[in-house]
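Notes to accompany the following structure.
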Amino acid sequence: MIIHGTPRLILRAWKESDRTLFREINADPVVMEFFAVRRSDEESDAMMDRINAVIHTTGFGFYAMENRETGEPMGFCGVAPVTVDNVFTPGTMEIGWRLATRYWGKGYVTEAAKALLSMAFDEKRLSEIVSFAVYNNHRSTAVMKRIGLKRNAARDFNHPRVAEETHPHLRPHVTYALTLEEWRAR
C-alpha cells in the first residue's frame with residue numbers, strides 16, 4: 001500500500017522483506033543514540049507489525065521509506081498519533097523518522113517529511129503536527145526546523161518512559177509544532 005511519493009522516495013506500508021532493515025535501524029547504536037533501548041529482532045518485528053496495523057487501519061503511521069530508483073527500504077517517516085501519555089492532548093499527531101546511517105546527509109528525511117506535512121494539512125486537514133526529540137538531538141531538531149516546525153518551549157517535557165535512574169540525559173525533550181494556519185500562511 002503506497003501512501004505518498006516524492007521524486008526520490010515511495011512512502012508505503014511495510015513489507016515482509018523490510019524486516020531486516022527495520023531490525024537494523026532499531027538495534028543500531030548510532031541511529032538509536034537518543035533512545036534508552038535498542039530493540040531485539042523480536043521486539044522490532046512486533047513494533048513493525050503494530051505500526052503496519054495502524055497504517056492499514058487508519059492510514060496514518062510511520063511509513064517505510066523506499067528509494068524509488070533502487071527499491072531499497074531506507075528507514076521510516078510518518079505522521080501518527082502521539083503515544084506519550086499525560087504529555088500531549090489525546091488525538092495529537094506527530095511527525096517522526098528513523099533512517100539507516102548509510103542514507104544520512106542526503107536530504108531524504110526532509111523530503112519525506114515535507115511531503116507528509118502537505119498530506120497531513122492539505123489532504124487530511126489536521127489542525128496541528130508536533131515533533132519532539134531529546135534536547136540535544138541536533139540532527140532531528142535541524143530537520144524539524146527545515147520542514148517549518150517551530151520550537152514551543154512551553155510544551156517541552158521529561159519523557160515519562162525514560163528512567164531517571166539509568167538515562168537521565170535522555171529524559172529532557174524539546175517540542176516543535178506547526179499548525180494548519182501556520183502551514184497555510186507559509
Worksheet item: Is the backbone N or O of Arg155 less than 3.5 Å from a side-chain atom of Thr175, with the two atoms forming a donor-acceptor pair by type?
Response: yes

Worksheet item: Should the pair Arg102-Glu24 be classified as a salt bridge under the 4.0 Å nitrogen-to-oxygen rule?
Response: yes

Discussion item. Go through it in stages, so that I can follow the logic: the residues are Arg39 and Met48, the test is side chain to side chain contact (heavy atoms under 4.5 Å, CB included), and I'd like the CA-CA distance, side-chain angles, deciding distance and then a yes or no.
Written reply: CA-CA 11 Å; Arg39 289 185 172 80; Met48 189 175 111; over 6 Å; no

Practice prompt. Using a cut-off of 6.0 Å, state whether more than 12 heavy atoms not belonging to Glu164 lie near its atom CD.
Written response: yes

Item to complete: Mark yes or no for whether Asn67, through its side chain, and Glu72, through its backbone, hold a donor-acceptor pair below 3.5 Å.
Response: no

Discussion item. Starting from Met32, can I reach Met74 by hopping between I/L/V/M/F/W/Y residues whose side chains sit under 4.5 Å apart?
Written reply: yes

Practice prompt. Examine distances only and state if a side-chain atom of Ser131 and a backbone atom of Ile95 form a donor-acceptor pair shorter than 3.5 Å.
Written response: yes

Worksheet item: Which of parallel (below 30°), tilted (30 to 60°) and perpendicular (above 60°) describes Phe132 and His173?
Response: tilted

Worksheet item: Where does the angle between the aromatic ring planes of Phe22 and Phe76 fall among parallel (under 30°), tilted (30 to 60°) and perpendicular (over 60°)?
Response: tilted

Worksheet item: According to a 4.5 Å side-chain heavy-atom criterion applied to Ile, Leu, Val, Met, Phe, Trp and Tyr, with indirect links allowed, do Leu11 and Trp104 form part of one hydrophobic cluster?
Response: yes

Fill in: Check: Arg68 side chain, Thr6 main-chain N or O, donor-acceptor pair, under 3.5 Å
yes

Worksheet item: In Å, rounded to the nearest 0.5 Å, how long is the span from CD of Glu128 to CZ of Phe88?
Response: 8.5 Å

Worksheet item: What about Leu180 and Met144, same hydrophobic cluster or not, with Ile/Leu/Val/Met/Phe/Trp/Tyr joined at side-chain heavy-atom distances under 4.5 Å?
Response: yes

Worksheet item: Stepwise, does the side chain to side chain contact (heavy atoms under 4.5 Å, CB included) test hold for Val143 with Thr141?
Response: CA-CA 5 Å; Val143 172; Thr141 56; over 6 Å; no

Fill in: Val174 side chain near Arg151 side chain, heavy-atom distance below 4.5 Å
yes

Worksheet item: Should Asn136 and His138 count as side-chain neighbours, where that means a heavy-atom distance under 4.5 Å?
Response: yes

Worksheet entry | Intermediate values then yes/no, side chain to side chain contact (heavy atoms under 4.5 Å, CB included), Leu116 and Cys77 | CA-CA 8 Å; Leu116 290 174; Cys77 187; 3.8 Å; yes

Worksheet entry | Same apolar cluster: Val82 and Val162, side chain cutoff 4.5 Å | no

Practice prompt. Report yes or no: does Trp14 contribute a side-chain atom to a donor-acceptor pair with the main-chain N or O of Phe62 at less than 3.5 Å?
Written response: yes

Worksheet entry | N/O donor-acceptor pair under 3.5 Å between Ser140 side chain and Asn137 backbone | no

Fill in: Cationic N near anionic O, under 4.0 Å, Arg8 to Glu69
no

Discussion item. Applying a strict under-4.5 Å side-chain criterion to I, L, V, M, F, W and Y, I'd like to know whether Val84 and Val54 cluster together.
Written reply: no

Item to complete: Compare all side-chain heavy atoms of Leu126 with those of Phe60 and state whether any distance is below 4.5 angstrom.
Response: yes

Discussion item. Salt bridge or not between Asp28 and Arg98? Use side-chain N to carboxylate O under 4.0 Å.
Written reply: no

Worksheet item: Between Glu16 and Arg19, does at least one N-O distance fall below 4.0 Å, as a salt bridge requires?
Response: yes

